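Report on one structure; see the data block that follows.
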There are 2 protein chains.
Amino acid sequence: MSENSGGRRPADPAAVTVDLVIFTIRGDELRVLLVERGNAPYRGRLALPGGYVRPGEGLDEAARRELAEETGLDGRLHLEQLRAYGDPDRDPRGRVVTVAYLAFGPDLPVPVAGSDARAARWEAVEPLVSGTTPLAFDHADILRDALERARARLEYTTVAAAFCAEPFTVADLRKVYEVVWGAPLDPSNFRRKVTRAEGFLEPTGGRRVPEAGRPAALYRRGPAKALSPPLLRSGDQVSR
Amino acid sequence: MSENSGGRRPADPAAVTVDLVIFTIRGDELRVLLVERGNAPYRGRLALPGGYVRPGEGLDEAARRELAEETGLDGRLHLEQLRAYGDPDRDPRGRVVTVAYLAFGPDLPVPVAGSDARAARWEAVEPLVSGTTPLAFDHADILRDALERARARLEYTTVAAAFCAEPFTVADLRKVYEVVWGAPLDPSNFRRKVTRAEGFLEPTGGRRVPEAGRPAALYRRGPAKALSPPLLRSGDQVSR
DNA sequence: CCAAAAGTGTTCGAAATACACCCATGC
DNA sequence: GCATGGGTGTATTTCGAACACTTTTGG
């Protein structure tokens, strides 16, 4: 930042928080971790997990800490910043600027109570973004932005694999895309694309025998972050 | 945001600022608006324009105000949030969280002094991101992120047109892509793509006579925001 | 042998690249 | 006319969607 207009203008004191949109896939649908608020404002309402950034703590650091507190899983989940939200009246208690983070993880055991006694649970995303279920603060907006970002990230990056517990099959990975995009994909073509993408998947050599059908090869996440060519979802490659 | 652990934890008081990465194209290169700092810290060093978010002001609102103050152009430029930066020691004066914004505009008359007496000027981006010229605070990081974001935005959105003063020609628009991506494009194929993209360009009916050659048709920006199919820069469509 | 899911091959059409070619203007 | 850039046509190639087909397991 820079000081303004030569002289110092008193900074509007603000509280800074991080809020987490933690997505996972469970029961063939996309879910997000929400907590029930125990205090005013919005007491009893569902909200994104989050908390104040502590003194001496960076934003990413605070998000990582909150993530560990909420899920119990330390460094496993993919975490990235979504954006900042700072409407002056987004919190009735005063100026609170929040930096929202987006996390992806495999179907987690169950939200641990952790150091935090609040009731946390996985909620299906779809009804929440449709606007029927109300969330605390501007968290519905944040969730909508997060979903849109997640959908886009699947196209151009390899983060989809972060939704899968290792080792996983190509079908597991395909389910991630289908659930997040909400559209079925052609298994053959999907497999070709992801296996050809350099550094996306690394074969473990193992196989998984399903309830029925031929065993599937197992993979772990490869080193690649970006995905080129991208897996586009725009009409093409979606089975009709 | 949500309160933490049931009880209230004192929020780390933070100053919140917005910083602007304002890009334009001038002299066949990408440039960014920088100001010379008049006060400590980093006195005399170049920095991104920005300032404190005022009481009762939203983040977007603050960014829009700063943009108007710096450039004199009110609502003309495209403006979008980049991300927040909040390393605890990014500002030696204390905790300052900044929200960076990205703006695109046509070759602007010249940085007006505006209400602000600081010396502002357009600097070429390339030497700055190469890391040779030092910037104040973490502004070099912000600039690098902004450049990467801008390059990506050109692929999937119509923001490139925001760099062109209306009315403009297809060649003007192509120059934007070439300068931002740093690679020459095939004029014929480029024209086909952008003219076919629904809602990208609207013909004005006018023509512009160049110094030499056939007059070019003039266009204004169309209503479309997203660009599908995207204009990919990955190897393809770049003349070799 | 049948069902079911994994995985391969093949065809067909759309789209992109590369480039030849024509157009409209100033000199 | 000629140089210069705007703009169109088009052959070739590449790539992806669709889908038939083969493989490997359990019952």
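Below, chain A is the first sequence line, B the second, and so on; all start at residue 1. Values below: every heavy atom of this structure, side chains too, minus hydrogens, waters and symmetry copies. The shown structure was predicted, so the numbers you read here are calculated from the model rather than taken from an experiment.
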Exercise for review: Using only side-chain N and O atoms of A:Arg192, determine if any of them is under 4.0 Å from OP1 or OP2 of C:dT8.
Suggested key: no
Point to revise | C:dA15 OP1/OP2 closer than 4.0 Å to side-chain N/O of B:Lys193 | key: no
Review point. Any idea which of D:dT4, D:dC19, C:dC19 is nearest the A:Asp186 side chain?
Key: D:dC19
Review point. Rounded to whole angstroms, how far apart are CZ on B:Phe190 and P on D:dG5?
Key: 18 Å
Check your understanding: C:dA15 P sits how many Å from B:Leu227 CG, rounded?
Key -> 14 Å
Point to revise | pair B:Leu46-B:Arg121: side-chain heavy atoms closer than 4.5 Å | key: yes
Point to revise | Nucleotide nearest A:Pro215 (side chain, heavy atoms from C-beta), chosen from D:dT24, C:dA6, C:dA16 | key: D:dT24
Exercise for review: Compare the minimum distances between each of D:dG16, D:dG7, D:dC19 and the side chain of A:Asn189, then state the nucleotide with the smallest one.
Suggested key: D:dC19
Review point. Between B:Phe23 and B:Phe104, what is the ring plane arrangement, given parallel below 30°, perpendicular above 60°, and tilted in between?
Key: parallel
Revision key, fill the gap. Among the nucleotides C:dA4, C:dG7, D:dC19, whichever has the atom closest to the side chain of A:Arg191 is C:dG7
**Study point:** Residue closer to the 5' end of DNA chain C, B:Gly213 versus B:Pro229 (nearest nucleotide)
**Key:** B:Pro229
Review point. Using a cut-off of 4.0 Å on non-hydrogen atoms, how would the nucleic acid contact of B:Ser188 be classed: base, sugar-phosphate, or nothing?
Key: base
Exercise for review: Would you mind reading off the distance between B:Arg196 atom CZ and C:dA14 atom C1', rounded to a whole angstrom?
Suggested key: 11 Å
Check your understanding: What is the distance, rounded to the nearest whole Å, between atom CZ of A:Arg207 and atom P of C:dA5?
Key -> 17 Å
Review point. Do the side chains of A:Val21 and A:Tyr101 get nearer than 4.5 Å, heavy atoms only?
Key: no
Practice item. Would you please confirm or rule out a distance under 4.0 Å between OP1 or OP2 of D:dG5 and any side-chain N or O of B:Arg214? Key: no
Practice item. Give one of base, sugar-phosphate or nothing for B:Pro210, where a contact means two heavy atoms less than 4.0 Å apart. Key: nothing
Practice item. Examine the side chains of A:Asp172 and A:Tyr219 and answer whether a donor and an acceptor come within less than 3.5 Å of each other. Key: no
